[in-house]
Amino acid sequence: MSNSKNTGRIKHLKQQFAFGIFRLFSLMVVAILFFILAFIIVRGAKVISWNFLTGMPEEGMTKGGIFPAIVGTFLLVIGSLLFTFPVGVLSAIYTNEYMKDSWYKRFIKLMTNNLAGIPSIVFGLFGMSLFVNTLGFGDSIIAGSLTLGLLTLPVVIRTTEEALKSIDNSFREGSYALGATKLQTIRKVVLPMAFPNIITGLILSVGRVSGETAPILFTVAAYFLPKLPHSIFDQVMALPYHLYVISTSGTNVEESRPMAYGTALVLIAIVLLVNILANALRRYFSKKVKMN
Amino acid sequence: MRNSIKRFVEKISESILFLSSTVTTLSVLLIVIFLFKEGLGIFNKDPIEEGQMVVINKNNPIRKVVSADIKNIFDQNITNWKQVGGKDDSIILFRMDDIGNYFTEEQLGDTFQFVPQCLAKLVDSIPGIIAYIPSKYFNKDFPARELPMEKITVGSFIKGKEWFPTAQPAAQLGVYPLLIGTLIVSLGAILIALPLGLATAIFMAEIASERLRKILKPLVELLAGIPSVVYGFFGLVVIVPFIQQVFHLPVGETAFAGSVVLGIMALPTIITISEDALRTTPRAMKEASLALGANKWQTIHRVIVPYASSGITAAAILGIGRAIGETMAVLMVTGNAAVIPHTWLEPVRTIPATIAAELGEAPHGGLHFKALFALACILFIITMAINLFVAYISSKNKMSKR
Amino acid sequence: MIHLEEELNVLKQETMNMWQLVIQQLQKTEEALINFDKDLASEVIANERRVNAMELKIDNDCENAFALLNPVAVDLRFVLAILKINNNLERTGDIAEGIAKFISQAKNPFETQLLEITRVREMYMHSIEMLKDILIAFDTENTKLARTLFRRDEMIDEINRNANSILVDYISKYPESTEQALNILSAIRKLERVGDQAKNIAEEIIFYVEAKVLKHTKKGLLEG
Amino acid sequence: MSLIIETKDVNLYYGDFHALKGISMEMQPNTVTAFIGPSGCGKSTYLRLFNRMNDLIDAVKITGTINIDGKNVYEKGVDIVELRRKVGMVFQKPNPFPKTIFENIAYGLRVNGVGDKHFIEDRVERSLKQAALWEEVKDKLKKSAFELSGGQQQRLCIARALAIEPTILLMDEPASALDPISTSKIEELIHELKKNYTILIVTHNMQQAARVSDATAFFYLGNLVEFGTTKDIFTHPNDIKTQNYITGRFG
């Protein structure tokens, strides 16, 4: 009797111990996140000003603003999404709605997964040889956008596929049974239902595109270019590359530190914003569904 | 009529959709073609810049010298032909810059029109000479012998202990230190991230209340969303100085710093995938364990974790994959020394960081440029293998759980 | 009206039709007995085939109701009751046929005095009234009315009990009318059984409406 | 208006699996025919032949003929979209679209090219009345269909199917996801609809088959074991397998 009581206590102690460790580690993860955020926000907040956001870099990037980089990143995001979003969504529709389960479908899926797994620097190399050199775009917004677009293509495809898959087949059958064609079914039933999740995926890929550095290193990013681009064949500055440059190889690394903090803060702000927006959207739509 | 229009529209849209679906496959294909076309260009070539060559005296019996020895010869680490299997004769180095030491300007001519003759004379007269000259001077009558150099092979590329692509005259293209650097940083990252990530995943999936989980989940997503360059920057301004101080190092930019930063970056991947895997454990299985008198912890480590083990493995492997491919953060914190590290606290250089750092300076189409593409090929193969492996694990897993 | 109700209504209507027919049969035997109308008696015998056909039809419909309608609770008791009532009615029909048979075989008209003293007509009246009342009770699900049946049955029993000694007297007075007397006695016996059938039907009605089983109990018969 | 339906020697294969084995039967206009049998016996598969819903599944091979009013629906050149307009279908789980009640019913009309607003309004009202739902929803046609109860949703789906005026109505276990009250409402509806439509219904509930159908077909392992009037099947089946199944002595 006392023996079993003892085992019970040991059992309980073991659990307490294990759970304690799990709690501690989880807390650490959260602490790391908060530390990074707090560190950059606190240091960066001192730098952020209207002038910083809208001004040109000055004095070897130790003073002034990061306006061209913000504009550049914005253009790259728009450019890449213009390519990725239609191609990705259409591709996901085709594989999910049209293709029967075959080796070819599995092959395409495998290719999409592989594309997702390729390191971003490889995309950079590829973008440089295809868009910059072979197609002759030079270092330009279009080359950078297409490279970034390729990088996010699997993300968009996957989230769209997930969104489409989450729609119960009975809705499609219901539509077909009423004499709707495939296209009508997709347009009027499937896509409207998948829309919230597709948009959420799109927003998250905005976050990804705006933070990527490696793919734009050799395709678009300019080291120092205190003017705004005139065409899609111009080079631009971009926030992540700018941060890299001024924190490692600027004319004066120490003096441009505050600028780096500011840039990092802007980058983080974009990510935060994107996440909040995506979560809010998700919650809004799921609530709407529940209400229904 | 209406129906035939309907059908026509239907067909057209299907073709458009089909074309879109081929874009990923096409991209992968193009990536492979472009990478490997350039990357494979370095193999079976002399490790020497095009238009240049290394010549020796006609009578020098030496047959073949590996490129590492060439570098050592020109660095004057090897000074006697004996050391590379030749006669006992000291080595006389000659670079084009040295030509002034042997000939006067008059001898060379106003427009250097006499250079070829001078060179011929020089090479012919010094038996122990080794000369690095533009190959345009080397013709039928040139009284010297080209030093046959070992061509770059896949083996020498992988096993080569030195990465010095700009070395003159023979580029040192050994990936080994980079490979080791990549692996050591990634392995370290996963050693840091796996326990933390797995613990967090278990905590989120099994221990935390639903409310707490709803707070943690977006936080983890946020961690995943932070750009790598920000992590790199954070590593540079916080972790690197910290490591330098704690371990009393001359520089803080070390493999360890890279591991820490990459570990943090790999956390969201590991947490999300393992948590998903843990959550797939059927409720009935958990309840069965609890009903038999197991407590929560016993249920977790005897039922849930084993059930999710393949998912957790996939998480770990994908985490490694991410770490191996990560560029910017590593580039910023590891110090980028292309030497084989002996401890964690030394600077290293990884493959992606090498590409990022050197591509800007490598002349287009040159040996160095191509070598960087070859690095990208290696990276591509590694990540492809990891992806296929993970796909294999999860497909096997799906089968067995059906 | 739901489908099940429709089907059960049909069943009820069929049963009531049969019921009417059985009452008519009985009435016709009375008339034939009094007026010594052999044609009418043969008509009753011929009509018995119709009664039997109706019984089979109702039986079959009940089977279908069980198989296809899945009746439960009151509906189930209803179909069960119909099944038994159907049986009781068929027996009543048989009784009418039996009476008609000996009328058609009789050689002479029945003596008025004999009919008078044995109170056969009174018995007819009671049993037919019982069948009619119980039909109303069935149609309107009136269990109160159904319960009044039991008192009437006692009156029939009383006539039946007295009939023996009356007929013994009669036979000793008029030995030549022995056959007639015995025929009357068997008619009385048969009519007494009509009372029993009616009583059984009343029990079934109470069972289906109130879900109370009255069979084999003396208690509660007169309740309500 | 209704048509005779007949199938002759229909075989269906899912890859190597022989799911329907030489099914031949005939269904009369304005009747309800029920398909019963244990799970996986092929009854749903058979039902889905009539509006070619099986076409949506990969690796299906079909032989034999399925005639609706003398025309084989599996012939080349048959307009599947047109066929599906003529052969309505109601599914196991109520599957209204995430649209308003009105739009759910208008959907079938719109995809079939009807644009006339008044026509659509009339048809919506008529279908809802036919499906015995009008009284319950007439004040909330602009509300989401998801606000309805399960039983109401299923009747909405029936109304949706009726709106495009099919002649045949396929019902695949239409009440299996519903509570008993809703189930009996659906069953009553079937009795009503029989007057205007030919109905084929798959059900795993034998009592339901008994209650609603005029003819019953018993399927087992892809075979049509017995087909006859519901009365006969449920009172004196000819095949011992049928008897064992309907009496619950199966296996």
Side-chain angles (χ1 to χ4, degrees), chain A residues 11-12 14-15 18-19 21-23 25-26 28-30 32-33 36 39-40 87 90-91 93-95 98 108 110-115 117-122 125-126 129-130 150 153-154 157 181-183 207 211 213-214 217-218 240 243-244 247-248 260 264 267-268 271-272 274-275 279, chain B residues 6 9-10 13-14 16-18 20-21 23-25 27-28 30-31 34-35 38 195-196 199-200 202-204 207 216 218-219 221-223 225-230 232-234 236 238 264 267 295-298 321 325 327-328 332 352 355-356 359-360 373 376 379-380 383-384 386-387 391:
Chain A
K11 216 162 117 176
H12 186 70
K14 272 187 183 168
Q15 166 156 325
F19 282 15
I21 288 181
F22 292 153
R23 275 203 191 91
F25 278 19
S26 309
M28 268 172 74
V29 170
V30 175
I32 289 170
L33 173 69
I36 296 175
F39 184 81
I40 286 170
V87 173
L90 292 180
S91 167
I93 289 175
Y94 188 76
T95 46
Y98 280 80
I108 287 194
L110 191 68
M111 282 300 148
T112 311
N113 277 343
N114 279 332
L115 198 63
I118 293 174
S120 52
I121 184 74
V122 175
L125 279 193
F126 171 68
S129 21
L130 177 63
L150 275 185
L153 189 58
I157 289 179
T181 62
K182 196 155 209 154
L183 193 63
T213 318
L217 273 180
F218 316 117
L243 174 58
Y244 167 65
S247 59
T248 58
L267 270 172
I268 287 216
V271 172
L272 270 173
V274 158
N275 268 280
N279 273 323
Chain B
K6 227 176 178 178
V9 171
E10 201 78 11
S13 52
E14 189 174 337
I16 294 172
L17 291 170
F18 170 73
S20 304
S21 79
V23 170
T24 49
T25 312
S27 312
V28 174
L30 279 174
I31 289 176
F34 273 86
L35 283 190
E38 293 278 351
L196 267 179
T200 309
I202 292 175
F203 181 74
M204 278 168 70
I207 302 172
L216 283 175
L219 287 182
E221 275 167 22
L222 196 61
L223 204 57
I226 297 176
S228 59
V229 65
V230 173
F233 176 64
F234 175 77
L236 193 65
V238 177
I264 296 174
L267 272 176
N295 65 15
K296 231 173 164 185
W297 164 235
Q298 287 170 320
T327 315
M328 300 315 291
M332 291 163 85
I355 300 173
L359 192 68
F373 271 83
L379 209 53
F380 180 83
T383 49
M384 190 79 130
I386 285 176
N387 280 321

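If you're wondering where the values come from, they're calculated on a predicted model, not measured in any experiment. Convention: sequence-line order gives letters A, B, ...; per-chain numbering from 1.
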Tell me, with the steps shown, if B:K6 and A:L183 meet side-chain contact (heavy atoms from CB on, under 4.5 Å). CA-CA 9 Å; B:K6 227 176 178 178; A:L183 193 63; over 6 Å; no
Where do A:G117 and B:N387 come nearest, in terms of heavy atoms and distance? CA-ND2, 3.3 Å
Chain A contact via B:L267 - which portion, at a heavy-atom distance below 4.5 Å: side chain
Ranked by heavy-atom pairs below 4.5 Å to chain A, first place among B:I264, B:T25, B:V9 goes to B:T25
Find the one option among A:A18, A:S26, A:S129 whose heavy-atom pairs under 4.5 Å with chain B are most numerous. A:S26
Proximal component of B:E38, with respect to chain A [non-hydrogen, under 4.5 Å]: neither
Interchain contact, B:M384 with chain A, by part (heavy-atom threshold 4.5 Å): both
On a heavy-atom basis, which atom in A:S247 and which in B:F233 lie closest, and how many Å separate them? CB-CD1, 3.5 Å
Given heavy-atom pairs under 4.5 angstrom as the criterion, report whether the side chain, backbone, both or neither of B:F18 touches chain A. both
To the nearest 0.5 Å, what is the distance between CD (B:Q298) and NZ (A:K14)? 7.0 Å
Choice from A:N279, A:V271, A:I32, A:V274 maximising heavy atom contacts with chain B below 4.5 Å: A:V271
Max heavy-atom pairs within cutoff under 4.5 Å with chain A, candidates B:L30, B:N295, B:V28, B:L219, goes to B:N295
Those residues at least two apart in sequence (or on a different chain) that pass side-chain hydrogen bond (donor to acceptor under 3.5 Å, both in side chains) with A:T181 are A:Q184, B:E10
Looking at residues at least two apart in the chain, or sitting in another chain, which of them share a salt bridge (charged side-chain N to carboxylate O under 4.0 Å, His left out) with B:E221? A:R282
Where does B:L223 contact chain A at under 4.5 Å (heavy atoms): side chain, backbone, both or neither? both
Kindly compute the distance separating CZ (A:F218) from CZ (A:F126), expressed to the nearest 0.5 Å. 15.5 Å
As an exercise: rank B:L379, B:I31, B:I226, B:V230 by heavy-atom pairs under 4.5 Å with chain A and give me the winner. B:I31
One option among A:T95, A:L130, A:L150, A:I157 has the most heavy-atom pairs under 4.5 Å with chain B, and it is A:L130
Determine, stepwise, if the pair B:I355 / B:T327 fulfils side-chain contact (heavy atoms from CB on, under 4.5 Å). CA-CA 9 Å; B:I355 300 173; B:T327 315; over 6 Å; no
Pick from A:P154, A:S120, A:P240 with the largest number of heavy-atom pairs that fall under 4.5 Å of chain B: A:P240
Going through the checks in order, is the ring-ring contact (aromatic ring centres under 6.0 Å, His included) test met by A:F39 and B:F234? CA-CA 8 Å; A:F39 184 81; B:F234 175 77; 5.8 Å; yes
Chain B heavy atoms under 4.5 Å from A:L125: which part of the residue, side chain, backbone, both or neither? both
Could you tell me which portion of A:L272 (side chain, backbone, both or neither) has an atom closer than 4.5 angstrom to a non-hydrogen atom of chain B? both
Winner by heavy-atom pair count (cut-off under 4.5 Å) against chain A, out of B:S21, B:S13, B:P227, B:S27: B:S21
In this structure, CD1 of A:I108 is separated from OG1 of B:T24 (nearest 0.5 Å) by 6.0 Å
Derivation of the side-chain contact (heavy atoms from CB on, under 4.5 Å) call for A:K11 and B:W297: CA-CA 9 Å; A:K11 216 162 117 176; B:W297 164 235; over 6 Å; no
Separation of A:I21 CD1 from B:F203 CZ (nearest 0.5 Å): 13.5 Å
Only pairs of heavy atoms separated by less than 4.5 Å count here; which of A:I121, A:L217, A:N113 has the most with chain B? A:I121
What part of B:L236 gets within 4.5 angstrom of chain A, counting heavy atoms only: side chain, backbone, both, or neither? side chain
Ring of A:F19, cation from B:K296 - is the NZ or CZ under 6.0 Å from the centre and inside 45° of the axis? no
Structural part of B:L35 lying under 4.5 Å from a heavy atom of chain A: side chain
Against chain B, label A:V30 side chain, backbone, both or neither, depending on which of its atoms sit under 4.5 Å from a heavy atom there. side chain
Honestly, the part of B:I386 sitting under 4.5 Å from a heavy atom of chain A is neither
When the 4.5 angstrom heavy-atom criterion is applied to B:L196 and chain A, the contacting part is both
